[in-house]
Q: 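Sharing a structure with you now.
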Amino acid sequence: MPNNIVVLGAGVSGLTTAYLLSKDPTNKLTILAKHMPGDYDIEYASPWAGADYLPFGKEGSNQRKWERASWPALKKIAEKFPEAGLHFRNSLIYKRKKVQGPASSDGSSKAVQPHPWYADVVPNFKLVSQDQLAPDIDSVESFTSICINTAIYLPWLVGQCVKNGVIFNRAFFKHVAEAAGSHHSGQKADVIVNCTGLSSKFLYGVRDDKLYPDRGQIVIVRNDPGSIVSVSETEDRKEEVSYIMTRAAGGGTVIGGSHHKHDWNALPDPNLANRIMQRAIAICPQLVKKGQGIEGLDIVRYGVGLRPMRDGGPRIEKDQVEGVSVVHNYGHGGFGYQASFGCAAMATSLVEEVLSNKMRVKL
Ligand code: FAD
């Protein structure tokens with residue numbers, strides 16, 4: 001008996017979960033989504049991410065477990081599948097004395113540690129020696145990270161799923177349980193995997209009030225500084241951070257950024273864009289030719305994305321909605337890529353639990 005599974009959502013969470021589930025040939029998957037790779041929309045976070053692996057999960061948190069679990073999978077893809085749009089990049093994290101914390105993707109700060117947990121996960125971790133630091137910088141971490149070209153990686157995940165027999169359809173649902181009726185077999189789905197990100201705030205049957213947006217503004221340029229660089233907080237505004245990351249395979253360099261919580265504004269703010277570019281040049285002068293300012297940046301596009309934040313962290317759990325089995329996998333904030341495989345593996349095992357119960361009921 002095949003397992004009929006609907007995955008609702010085609011961001012990094014839905015695609016990674018579908019990719020893992022599709023490795024089992026008894027699983028027959030349909031991915032249904034309003035937005036698909038190739039689209040740029042404020043309701044679709046995944047294309048806007050840098051995206052790089054800069055872990056910041058706190059001690060004892062699920063986030064830390066998921067980030068740790070995701071590195072080997074991302075590393076394997078970067079090494080074995082150059083066409084997936086991932087590459088290794090040297091990463092420099094500057095920590096300001098004032099805040100003593102890293103430029104984490106949720107804007108949070110934490111105390112400087114000489115040996116953070118990810119020093120044992122990422123290759124080539126080292127602290128840059130004190131005598132090389134600027135006066136306002138407390139420490140600099142250097143390690144090998146991965147930067148993902150989301151414009152290539154999301155379609156690559158689609159391709160892996162299609163190769164494994166997954167069917168993709170565009171669809172929008174007001175209620176999560178409705179999606180059970182749209183499996184490509186024509187039969188009712190045994191389980192829905194809900195990967196709708198921030199939209200789970202509005203999706204009937206879920207309506208999760210713990211979700212809220214963390215608005216991130218970026219500029220993508222053609223200039224290439226050579227390393228990933230990020231700085232903890234900016235000297236004047238604590239919602240604004242500075243990071244620079246060059247995507248693989250001609251994806252350009254993403255310059256950020258900001259963390260404006262509960263801000264739904266989809267339009268780039270030109271003043272913020274100017275500050276982002278000015279700070280990027282100040283921390284990384286090699287971004288432009290000697291003596292140039294922001295006029296030396298060759299702009300591809302301005303962008304805004306909403307990180308799907310959730311009080312208490314991502315929701316990865318089983319649920320029953322109007323008689324339909326649902327496994328949720330949403331609310332990944334600013335770490336949806338770097339935790340993607342850990343989260344998808346957990347969602348996959350919950351789907352397997354649902355399916356094994358179904359088998360027991362049938363026997
Ligand atoms: P989304 O990508 O939002 O996908 C949701 C999917 O659900 C879409 O396909 C949508 O169409 C579909 N959907 C929603 N509602 C419905 C409905 N009712 N019916 C049908 N379909 C529906 N993460 C990192 O790990 N590293 C980074 O460096 C990083 N940088 C970031 C920088 C910025 C500026 C931003 C905005 C985010 C960044 N992130 C980063 C976070 C990361 O982008 C998100 O955590 C991740 O993309 C969330 O993916 P998702 O698949 O859960 O949601």
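In each ligand, atom 1 is the first atom listed, and ligand 1 is the first ligand listed. Everything quoted here is computed from the prediction, not taken from an experiment.
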Q: Is there a polar contact between ligand 1 and Q217, counting only N or O atoms under 3.5 Å apart?
A: no
Q: Of the side chain and backbone of L203, name the one, both, or neither that has a heavy atom under 4.0 Å from an atom of ligand 1.
A: side chain
Q: Mind running side-chain hydrogen bond (donor to acceptor under 3.5 Å, both in side chains) on T253 and T246 for me, showing each step along the way?
A: CA-CA 4 Å; T253 297; T246 303; 2.8 Å; yes
Q: Under 4.0 Å from a heavy atom of G305: which atoms of ligand 1 are those, numbered in the order shown and with their elements?
A: 36 (C)
Q: On a heavy-atom basis, I'd like to know which of G334, A51, C195 is closest to atom 40 (C) of ligand 1.
A: G334
Q: So is there a nitrogen or oxygen of A10 less than 3.5 Å from a nitrogen or oxygen in ligand 1?
A: yes
Q: Side chain of H183, backbone of K28: donor and acceptor closer than 3.5 Å?
A: yes
Q: Which bit of L54 is near ligand 1, meaning a heavy atom under 4.0 Å away: side chain, backbone, both or neither?
A: neither
Q: Below 4.0 Å from any atom of ligand 1, is there a heavy atom belonging to A171?
A: yes
Q: Identify whether NZ of Lys or CZ of Arg in K34 sits under 6.0 Å from the centre of the six-membered ring of F172 and within 45° of that ring's axis.
A: yes
Q: Looking only at non-hydrogen atoms, which of H332, R307, M309, Q338 approaches atom 35 (C) of ligand 1 most closely?
A: R307
Q: Does the gap between the ring centers of Y302 and W48 come in under 6.0 Å?
A: no
Q: Using the six-membered ring wherever Trp is involved, compare the ring planes of Y330 and H328 and label them parallel, tilted or perpendicular (cut-offs 30° and 60°).
A: perpendicular
Q: List ligand 1 atoms under 4.0 Å from G9, heavy atoms only on the residue side.
A: 6 (C), 7 (O), 9 (O), 12 (C)
Q: Looking at L15 and A10, what are the two nearest heavy atoms and their distance?
A: CD1-O, 3.5 Å
Q: Any nitrogen or oxygen of N329, main chain or side chain, under 3.5 Å from a nitrogen or oxygen of ligand 1?
A: no
Q: Determine, considering heavy atoms only, which of G331, G333, P213, S13 sits nearest to atom 42 (C) of ligand 1.
A: G333
Q: Taking the basic N atoms (NZ, or NE/NH1/NH2) and the acidic carboxylate oxygens, is any pair closer than 4.0 Å for D39 and R170?
A: yes
Q: Is it the case that ligand 1 has an N or O less than 3.5 angstrom from some N or O of Y44?
A: no
Q: Hey, does F173 sit under 4.0 Å from ligand 1 if you only count heavy atoms?
A: yes
Q: Angle between ring planes, H115 versus F125, binned at 30° and 60°: parallel, tilted or perpendicular?
A: perpendicular
Q: Would you mind finding which of C147, A339, P308 brings a heavy atom closest to atom 48 (C) of ligand 1?
A: P308
Q: Run the numbers for me: atoms of ligand 1, each under 4.0 Å from some heavy atom of A33, listed by number.
A: 9 (O), 21 (N)
Q: If you take the nearest heavy atom of each of F335, Y53, F172, W48, which one is closest to atom 17 (C) of ligand 1?
A: F172
Q: Tell me which one of A45, P55, G197 gets a heavy atom nearest to atom 3 (O) of ligand 1.
A: A45
Q: Angle between ring planes, Y19 versus F341, binned at 30° and 60°: parallel, tilted or perpendicular?
A: perpendicular
Q: Atoms of ligand 1 less than 4.0 Å from S199 heavy atoms?
A: 14 (C), 15 (N)
Q: Can R279 and E240 be counted as an ion pair, charged N to O under 4.0 angstrom?
A: yes
Q: For a quick test of reading the model, state the closest non-hydrogen atom pair linking A84 to I77 and the distance between them.
A: CB-CG2, 3.5 Å
Q: Which atoms of ligand 1 are found less than 4.0 Å from any heavy atom of L8?
A: 20 (C)
Q: Is there a salt bridge (charged side-chain N to carboxylate O under 4.0 Å, His left out) between R307 and D214? Walk through the geometry before answering.
A: CA-CA 5 Å; R307 300 175 184 90; D214 175 9; 3.7 Å; yes
